[in-house]
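Below, all heavy atoms of this structure are taken into account, side chains as well, without hydrogens, waters or symmetry copies. Note that ligands are numbered from 1 as they come in the structure, with each ligand's atoms numbered from 1 the same way.
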Amino acid sequence: MLDKTPSDGPDAAQRPEADTVGPYAVPITLRVNGMTHTLSITPETTLAQALREQLDLTGTKIACDRGACSACTVWLDGAPVCSCMVLAIDVGAREVTTIEGLAAGEALHPVQAAFIEHDAIQCGFCTPGLIMSCVALLRRNPRPGEDEVRTAISGHLCRCGTYPHVLSAVLAAARAAES
Ligand code: FES
Ligand code: FES
């Protein structure tokens with residue numbers, strides 16, 4: 001018989017009972033783009049589904065729904081995440097930012113404007129997610145080189161092949177912010 005090691009933790013009978021939620025809908029609070037929302041969701045609801053289906057924030061796209069394409073990228077406390085891979089119930093007090101949260105009223109974010117200027121959009125399905133990752137990059141590194149932009153967008157699949165234009169747009173937005 002194997003000896004028990006400290007890393008095994010307490011016996012099952014001694015472990016505190018985990019909180020169980022569901023399978024029915026439960027209330028949660030989400031902070032999205034500076035506003036607080038109370039939703040009623042079933043526990044398997046992803047953040048992407050909650051944003052699109054409950055809050056009508058359809059700028060966030062769901063393409064693969066399995067963490068492979070980054071179309072659903074939003075920020076959690078400023079860091080890009082695939083919202084199809086995050087359960088809404090796990091977001092907690094973290095601030096969610098979506099593509100709808102980037103523009104200031106009618107004024108597009110400079111990276112959004114640069115995407116238009118540099119023709120970095122075709123069907124547009126990947127575009128909101130790409131922009132969220134590109135703006136996050138410029139927030140942590142206002143003057144990225146080409147390789148840094150390529151790395152920042154490396155998880156994003158664009159079936160229309162806009163990558164060279166995305167690269168031009170981000171570098172131009174960075175240059176414009178400096179001048
Ligand atoms: S839809 Fe989330 S990664 Fe593809
Ligand atoms: S613009 Fe069509 S998938 Fe990227």
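- Near Arg159, meaning under 4.0 Å from any of its heavy atoms, are these atoms of ligand 2: 3 (S).
- Listed by atom number, the atoms of ligand 1 under 4.0 Å from Ala63 heavy atoms are 1 (S).
- Atom 3 (S) of ligand 1 has as its closest protein heavy atom Ser70 N, 3.2 Å.
- Rounding to the nearest 10°, we obtain 110° for the angle at atom 4 (Fe) of ligand 1 between Cys69 SG and Cys64 SG.
- Among the atoms of Cys126, no N, O or S atom is found under 2.8 Å from atom 2 (Fe) of ligand 2.
- Of all the atoms in ligand 1, the ones that sit under 4.0 Å from a non-hydrogen atom of Cys72 are 1 (S), 2 (Fe), 3 (S).
- For His118 (side chain) and Ala120 (main-chain N/O), no donor-acceptor pair under 3.5 Å exists by modelled atom type.
- Listed for the Tyr24 side chain is no donor-acceptor partner under 3.5 Å among the backbone atoms of Thr42.
- Ligand 2 places these atoms under 4.0 Å from at least one heavy atom of Gly124: 1 (S), 2 (Fe).
- Listed by atom number, the atoms of ligand 1 under 4.0 Å from Ala68 heavy atoms are 3 (S).
- With hydrogens and angles left out, the side-chain atoms of His156 and Ser133 include a donor and acceptor closer than 3.5 Å.
- Remark: the backbone N or O of Arg175 is not paired with any side-chain donor or acceptor of Glu178 at under 3.5 angstrom.
- The distance from ligand 2 to the heavy atoms of Cys158 drops below 4.0 Å at these ligand atoms: 1 (S), 3 (S), 4 (Fe).
- For the pair Leu171/Glu146, a side-chain contact is recorded, criterion being any heavy-atom separation below 4.5 Å from C-beta on.
- Using modelled atom types, one finds no donor on one side chain facing an acceptor on the other under 3.5 Å when comparing Arg52 with Thr58.
- Atoms of ligand 1 found under 4.0 Å from any heavy atom of Cys84, numbered from 1 in the order shown, are 1 (S), 2 (Fe), 3 (S).
- Close contacts of ligand 1 with Gly67, meaning ligand atoms under 4.0 Å from a residue heavy atom, involve 3 (S).
- Those atoms of ligand 1 that come under 4.0 Å of a heavy atom in Asp65, given as number and element, are 1 (S), 4 (Fe).
- Side-chain contact check for Asn33 and Glu100: no donor-acceptor pair (N or O, by modelled atom type) lies under 3.5 Å.
- Counting non-hydrogen atoms of neighbouring residues, nucleotides and ligands closer than 6.0 angstrom, the CD atom of Gln54 exceeds 12 such neighbours.
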